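First comes the structure, then the notes that go with it.
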Amino acid sequence: MNGRIRVRDALAAAEAGGKILVKGWVRTVRAGKEITFLAVNDGSCMANLQVVVEPGLANYQQVSHLSTGSALVARGVLRESPAAGQRYELAAGEIQIVGTADETYPLQKKRHSFEYLRTIAHLRPRTNTFGAVFRVRSSLAQAIHRFFAERGFLYVHTPIITANDCEGAGELFRVTTLNMAKPPLDRGEVDYSGDFFAQATGLTVSGQLEGELFAQTFSDIYTFGPTFRAENSNTARHAAEFWMIEPEMAFADLLADAALAEEFLKFLCRHVLDNCTEDMNFFNDQIDNGLLQRIEAVASSSFAVMEYTEAIDHLKKATVPFAFPVEWGLDLQSEHERYITEQVVGGPVFLINYPRDIKAFYMRQNDDGRTVAAMDLLVPKVGEIIGGSQREERLDLLLERMGQLGINEEGLWWYLDSRRWGSCPHAGFGLGFERLLMYLTGMENIRDVIPFPRTPRHAEF
RNA sequence: UCCCCAAUAGCUCAGUCGGUAGAGCGGGUGGCUGUUAACCACCAUGUCCCUGGUUCGAGUCCGGGUUGGGGAGCCA
């Protein structure tokens, strides 16, 4: 628009000499009496366009006094840069100062801590690191849609508001229009019959159950949307609001599920390596020196598969001390998962067939009577990154399991119906988008890969 | 929610044995320079997180709190 060219395209021009117009924000100014250099960035790439300004310019005085953060429009000739550091630069013929930034601008041309930048989340995208994070985030989201689209998966929008809290009480955010100062009571309990939905509702913790219903029409589907957990988790890996990808395939078993997960993760590794090269190189240089090597290794590896029972054997034989006990029937802790993927396998590994009693009610019971068809994909450095299962398609066994766990059938009548008519084997998995992003960028805190993080006590911006 | 650590200039930090605070960067001014987080000189900037206590005297020691960070659990 208005003939503007993005910095990314200007820097990638086939040859110098063109008259161009760029619009962006000043990252640094190196000003002098005889010449001034402005580094201009418009978010299209990490690299800045060097704008060279000489005293002949009408407003040279004002331009040489610009400071970091200012917005401007620059017109001039793209030419080869005589100095090192950039191939092209813009010889300014005209600079229009659009918006100045005074000395109170919080971003300085120096390194800031991530903790500080979190307090100015509205400005941090203007830094190199967060610019890279959010470019990769955008690119990766589009790659995810492309992956599934190319394979014939239907994209389904499952509800954000739900009355379904079957995955564990107390973790839902409540959604209500009741007067919180004076809620209607019935025998001491809040009476939701007069609430907007005439029942207790909350924000979704997973689209899986609805996703299963669509899989039994469209064969292969996926969801990709916001997910909410009201848990008081204070860690670098948890947010109250995050985005989750949940594919579901009909006529698929656990191994087909694992095969999809493997293809999916490799595709995304390859995608960022091939399409986000500049930003990935930055992460490798500045954030995590082993990043490119690790992602390249995952992209070209073949994932191992290991039974839970075998993993327990390995852990029992381990010579390293663990803080938590290892026993068949107990869930694996992060330390155990990392030992398996890093020390035993030395790469990505699917752990499959977990004890029934530590897994969710909807997972398919195996013939051994004590395990279910669950899988977790473990990767070096982070541990579990994908969790999935083959679902229990047999109505009687599903009802039996729900009964054992005290799960109310009435609220899930629609889910159970899917096992009444045309039930079929099906399987799926869930992947936390931010955790994927952490894995692929080397960023170590989930609050630094989501634009405006929501965590306990934090809903600013 | 539990355990551990931290909080000093706009930012990143130092501050010895308890004696009323410094550096670098950033900012301002000037100089200089086809510069690359430019460089050089000068200048300005503090609720030492809050609160109570010990002490002649607390940034420093002790109690309580707040906020942040790391780890764990929960999980994606």
Side-chain angles (χ1 to χ4, degrees), chain A residues 27-39 47-54 64-65 67-69 79-86 89 91 101-120 123 127-128 167-171 204-208 223-246 261 286 322-324 331-337 358-360 376-377 379 382-388 429-439 444-450 455-458:
Chain A
R27 283 292 176 84
T28 70
V29 180
R30 293 179 288 276
K33 203 157 49 184
E34 299 302 319
I35 193 165
T36 291
F37 300 96
L38 306 172
N48 301 317
L49 178 64
Q50 171 160 286
V51 177
V52 185
V53 192
E54 300 194 58
S64 67
H65 279 83
S67 55
T68 303
R79 67 183 182 199
E80 303 214 359
S81 182
Q86 59 282 315
E89 62 184 19
D102 68 13
E103 70 281 358
T104 60
Y105 183 59
L107 288 174
Q108 305 171 359
K109 46 183 179 183
K110 58 166 282 192
R111 195 181 192 91
H112 290 291
S113 68
F114 290 148
E115 291 82 5
Y116 170 66
L117 292 171
R118 273 172 222 149
T119 69
I120 49 170
L123 297 172
T127 64
N128 286 337
E167 284 208 76
E171 64 182 13
T204 183
V205 297
S206 166
Q208 180 196 314
T223 71
F224 183 5
T227 310
F228 307 88
R229 304 276 167 92
E231 281 141 6
N232 189 17
S233 298
N234 293 284
T235 81
R237 286 178 214 79
H238 290 83
E241 176 185 287
F242 61 99
W243 287 64
M244 188 155 63
I245 301 121
E246 295 179 292
Q286 301 294 324
F322 293 120
F324 288 85
D331 209 353
L332 299 182
Q333 304 296 323
S334 303
E335 58 176 352
H336 304 140
E337 293 177 340
I358 58 173
K359 289 293 184 181
D376 283 351
L377 176 61
V379 292
V382 302
E384 180 187 339
I385 192 166
I386 285 177
F429 63 82
L431 169 65
F433 185 49
E434 285 75 17
R435 289 194 179 170
L436 172 71
L437 211 42
M438 290 167 71
Y439 183 67
E444 291 185 333
N445 196 308
I446 196 168
R447 287 167 279 213
D448 297 330
V449 296
I450 191 166
T455 54
R457 302 186 308 284
H458 293 281

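All chains are named by letter (A, B, ...) in the order of the sequence lines, taking the proteins before the strands, and each is independently numbered beginning at 1. Here the structure is a predicted model, which means the values were calculated and not measured.
With hydrogens and angles ignored, no donor-acceptor pair under 3.5 angstrom links the side chain of A:Glu103 to the base of B:G10. No donor-acceptor contact under 3.5 Å links the side chain of A:Ser233 to the base of B:C75. With hydrogens and angles ignored, no donor-acceptor pair closer than 3.5 Å exists between the side chain of A:Arg237 and the base of B:G70. Below the 3.5 angstrom threshold, one finds a donor paired with an acceptor across the side chain of A:His238 and the base of B:C75. Checked by distance alone, A:Asn234 brings a side-chain donor or acceptor within 3.5 Å of a matching partner on the base of B:U1. Side-chain atoms of A:Glu115 stay outside donor-acceptor range of the base of B:U12, with no qualifying N/O pair under 3.5 Å.
Across B:U66 and B:U51, the matching P atoms stand 15 Å from one another, rounded to whole Å. The gap from the P atom of B:C62 to that of B:U16 amounts to 14 Å, rounded to the nearest Å. Comparing the C1' positions of B:C49 and B:A7 gives an interatomic distance of 6 Å, to the nearest angstrom. For the C1' atom pair drawn from B:C11 and B:A72, the interatomic distance equals 32 Å after rounding to whole Å. Spacing of P atoms, B:C3 relative to B:C25, comes out at 42 Å, to the nearest Å. Rounded to a whole angstrom, the distance from the P atom of B:G63 to that of B:A9 is 24 Å. Straight-line distance between the C1' atoms of B:C13 and B:G46: roughly 15 Å, to the nearest whole Å. Look at the P atom in both B:A21 and B:U47: the space between them is 14 Å, to the nearest Å.
Counting any heavy atom pair closer than 4.0 Å across all strands shown, A:Arg447 reaches sugar-phosphate atoms only and no base atom. Within 4.0 Å of A:Thr104, counting heavy atoms only, lies no atom of the nucleic acid at all. Among the atoms of the strands shown, only primed sugar atoms or phosphate atoms (P, OP1, OP2) are found under 4.0 Å from some heavy atom of A:Ile385. Using a 4.0 Å heavy-atom criterion, one finds that A:Ala239 contacts the bases of the nucleic acid, with or without backbone contacts as well. Among the protein residues, A:Tyr105 comes within range of no part of the nucleic acid, since none of its heavy atoms lies under 4.0 Å from any strand. Note on A:Ser81: a base of the nucleic acid sits closer than 4.0 angstrom, heavy atoms only. Within the 4.0 angstrom heavy-atom criterion, no nucleotide atom of any strand lies near A:Ala39. Across all strands, A:Tyr116 comes closer than 4.0 Å only to sugar-phosphate atoms, never to a base (heavy-atom distances).
Regarding contacts with the backbone of B:A38, a side-chain N or O of A:Lys109 is found under 4.0 angstrom from either OP1 or OP2. Residue A:Ser113 has a polar side-chain atom (N or O) positioned under 4.0 Å from OP1 or OP2 of B:U12. For the pair A:Arg30 and B:A38, the criterion of a side-chain N or O lying under 4.0 Å from OP1 or OP2 is met. Residue A:His458 places at least one side-chain N or O closer than 4.0 Å to OP1 or OP2 of B:G68. A close approach under 4.0 Å does not occur between any side-chain nitrogen or oxygen of A:Gln50 and OP1 or OP2 of B:U36. Contact check, A:Lys110 against B:G24: no side-chain N or O comes under 4.0 Å of OP1 or OP2. For A:Thr28 and B:A38, the shortest distance from a side-chain N or O to OP1 or OP2 is below 4.0 Å. A:Thr227 has no side-chain polar atom (N or O) that falls below the 4.0 Å cut-off from OP1 or OP2 of B:C75. Put simply, A:Arg111 has no side-chain N or O that comes within less than 4.0 Å of OP1 or OP2 on B:G26. For A:Asn445, a side-chain nitrogen or oxygen approaches OP1 or OP2 of B:G70 to under 4.0 Å. For the OP1/OP2 pair of B:A37 and a distance below 4.0 Å, the side-chain nitrogens and oxygens of A:Arg27 include no atom meeting the criterion.
Put simply, CG on A:Leu332 is 11 Å from P on B:G73, counting in whole angstrom units. The distance between atom CD of A:Gln333 and atom C1' of B:C75, rounded to the nearest whole Å, is 12 Å. Atoms CG (A:Asn128) and C1' (B:A37) sit 10 Å apart, rounded to a whole Å. Straight-line distance from the CG atom of A:Asn232 to the C1' atom of B:A72: 13 Å, rounded to whole Å. Between A:Glu89 atom CD and B:G34 atom P the separation is 13 Å, expressed in whole Å. Across the protein-nucleic acid pair, A:Asp102 atom CG and B:G10 atom P stand 15 Å apart, rounded to whole Å. Following rounding to the nearest Å, A:His112 (NE2) and B:G69 (P) show an atom-to-atom distance of 17 Å. Protein atom CZ of A:Phe433 is 24 Å distant from nucleotide atom P of B:C75, rounded to whole Å.
In this structure, A:Leu107 and A:Leu117 approach most closely via the heavy-atom pair CD2-CD2, 3.6 Å.
Contact of the A:Ile385 side chain with the A:Leu431 side chain is registered, since non-hydrogen atoms from C-beta on lie closer than 4.5 Å. Side-chain contact between A:Leu436 and A:Ile386 is absent, with no heavy-atom pair separated by less than 4.5 Å. Side chains of A:Leu332 and A:Glu384 form no contact here, defined as non-hydrogen atoms less than 4.5 Å apart. With contacts defined as side-chain heavy-atom distances shorter than 4.5 Å, the pair A:Arg118/A:Asp448 qualifies.
Proximity of a side-chain donor or acceptor of A:Glu171 to a complementary backbone N or O of A:Val205 within less than 3.5 Å is not detected. Distance alone, capped at 3.5 Å, places no donor-acceptor pair between the A:Thr68 side chain and the A:Gln108 backbone.
The aromatic ring centres of A:Phe324 and A:His336 sit 6.0 Å or more apart.
With both pairing distances under 3.5 Å, B:C2 is matched to B:G71 as a Watson-Crick or G-U wobble pair. Of all nucleotides present, only B:C43 satisfies the Watson-Crick or G-U wobble test against B:G27, with each distance under 3.5 Å. Within the shown strands, B:U66 is the pairing partner of B:A7 under the Watson-Crick or G-U definition, both distances less than 3.5 Å. Searching all strands for a Watson-Crick or G-U wobble partner of B:C61 with both distances below 3.5 Å returns B:G53.
Using modelled atom types, one finds a donor on one side chain and an acceptor on the other under 3.5 Å when comparing A:Ser206 with A:Glu246. Residues A:Thr455 and A:His458 have side chains that never bring a donor and an acceptor to within less than 3.5 angstrom of each other.
The side chain of A:Arg229 lies closest to B:C75, out of B:C74, B:C75, B:G10.
Where A:Pro456 and A:His65 meet RNA chain B, the nucleotide closest to each residue was compared, and A:His65 sits on the side nearer the 5' end.
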